[in-house]
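The structure under discussion appears below in the form of structure tokens.
Throughout, numbering of the chain's residues begins at 1 and tracks the sequence.
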Amino acid sequence: MTLHLIQTSLHWENPEANRRHLESRMAGLTEGVVILPEMFSTGFSMASEKLAEPMDGPTANWMKETAKTQALTLCGSLIIKDRGQYYNRFLWVTPTGDTACYDKRHLFRMAGEHEHYAGGTDNIIVRHGELRIRPQICYDLRFPGWSRSRNDYDVLLYVANWPEARREHWLALLRARAIENLCYVVGVNRIGIDGNDVPYSGDSLVFGPEGETLLNLGSEDTAQSINLELHSLISYRRRFPAHLDADHLGKL
């Protein structure tokens, strides 16, 4: 599976400008999975009533058209209004237009997110080729019980607006999730300064199941790609089957 990580700055509360900007960052990419940051169309804004779009709104439709035109799967989170509620919703959009959704479970109360959005209730698993992927959003990273593997995924994927002030937490927790769940962990963050003067350092990363760094985007404005293979993950799990001694038993 080929992943394309997009690490870039975002225009504050300006979906149209962000769609144009991200189109330029994705130019030439095809096949595989393109991963955009959390709230990629607006930045991490609490103006849910002003910025929310429906599931058939311009940004979701842009994702479908881009996925179809470039023959790739496109994912990231945006502000969605659905059934009278506002969500920080991750969309996984395939080239055929099929869409899977994950609503952020843990809302960042230190920014008041819980006052402007409804929390999700369900985890999901999406597939690309042989690999099973569990999407998560930013603050979810701090709650390992929510992301704990039940032998049901191979890749744990986080999209984020994670501030530079807590970058060491980001780095440590991503690596920990990979080691404890015997999986690949992918974290895609943004760079730049948002409309609340919060700086972001990027640090988008891919870790292997031993906590080894497979890709590190640093603080650059960049799009970089990596290929993840199931057979090497299975091989490691067979050599080091720690999952068999977990609180839940089963085969990976």
Side-chain angles (χ1 to χ4, degrees), residues 3-15 17-19 21-22 24-26 34-48 51 75-79 88-90 102 104-117 119 135-144 146-147 155-180 184-208 211-226:
L3 300 180
H4 308 288
L5 283 62
I6 308 296
Q7 177 175 279
T8 190
S9 59
L10 299 172
H11 297 276
W12 184 246
E13 298 184 348
N14 191 333
N18 282 311
R19 291 192 295 268
H21 173 62
L22 292 167
S24 70
R25 305 303 294 128
M26 292 187 288
V34 173
I35 309 168
L36 306 178
E38 177 185 21
M39 288 195 184
F40 66 82
S41 63
T42 59
F44 190 59
S45 172
M46 298 302 104
S48 54
L51 298 171
C75 64
S77 92
L78 63 153
I79 303 171
N88 183 346
R89 178 169 289 179
F90 175 96
Y102 165 72
K104 187 177 183 180
R105 169 65 172 172
H106 300 94
L107 303 176
F108 190 57
R109 69 174 55 250
M110 282 67 84
E113 188 178 14
H114 64 300
E115 297 174 349
H116 300 278
Y117 298 90
Q136 304 273 275
I137 302 175
C138 203
Y139 191 45
D140 286 332
L141 178 58
R142 290 186 177 272
F143 304 93
W146 180 244
S147 63
V155 181
L156 192 53
L157 169 60
Y158 291 92
V159 298
N161 273 209
W162 195 284
E164 181 179 16
R166 291 180 291 280
R167 70 181 296 267
E168 293 300 326
H169 301 190
W170 167 257
L171 299 173
L173 292 171
L174 287 173
R175 177 175 276 115
R177 296 296 88 81
I179 294 169
E180 70 194 10
Y184 294 115
V185 167
V186 180
V188 176
N189 195 24
R190 61 161 295 177
I191 59 172
I193 299 174
D194 72 14
N196 292 317
D197 293 324
V198 176
Y200 300 86
S201 58
D203 298 301
S204 298
L205 290 152
V206 179
F207 287 114
E212 72 277 27
T213 302
L214 302 178
L215 183 66
N216 185 344
L217 274 57
S219 59
E220 298 179 45
D221 190 329
T222 185
Q224 296 189 34
S225 304
I226 187 171

Does the pair H4 and V34 meet the rule for a side-chain contact (heavy atoms from CB on, under 4.5 Å), with working shown?
CA-CA 5 Å; H4 308 288; V34 173; 3.8 Å; yes

Any non-hydrogen side-chain atom of [X] less than 4.5 Å from a side-chain atom of [Y]?
X: Q224; Y: L5; result: no
X: L174; Y: L141; result: yes
X: E113; Y: F44; result: yes
X: W162; Y: D203; result: no
X: D221; Y: S9; result: yes
X: R177; Y: P144; result: yes
X: T213; Y: F207; result: yes
X: T8; Y: F40; result: no

Looking only at side-chain N and O atoms, does [Y] offer a donor or acceptor that is under 3.5 Å from a partner on [X]?
X: S204; Y: N189; value: no
X: D194; Y: Y200; value: yes
X: Y139; Y: N88; value: no
X: Q136; Y: S147; value: no

What is the minimum heavy-atom distance between [X] and [Y], and which atoms define it?
X: C138; Y: K104; answer: CB-NZ, 4.0 Å
X: S48; Y: H116; answer: OG-O, 3.0 Å
X: R25; Y: T222; answer: NH2-CA, 3.1 Å
X: I35; Y: V186; answer: CD1-CG1, 3.9 Å
X: R175; Y: G211; answer: NE-O, 2.8 Å

Show your working on side-chain contact (heavy atoms from CB on, under 4.5 Å) between Y117 and M46 and close with a plain yes or no.
CA-CA 8 Å; Y117 298 90; M46 298 302 104; 4.0 Å; yes

According to the interplanar angle, ranging from 0 to 90°, do the rings of H21 and H11 count as parallel (below 30°), tilted (30 to 60°) or perpendicular (above 60°)?
perpendicular

Look at the side chain of N161 and the backbone N and O of E38, then say whether any donor-acceptor pair between them is shorter than 3.5 Å.
yes

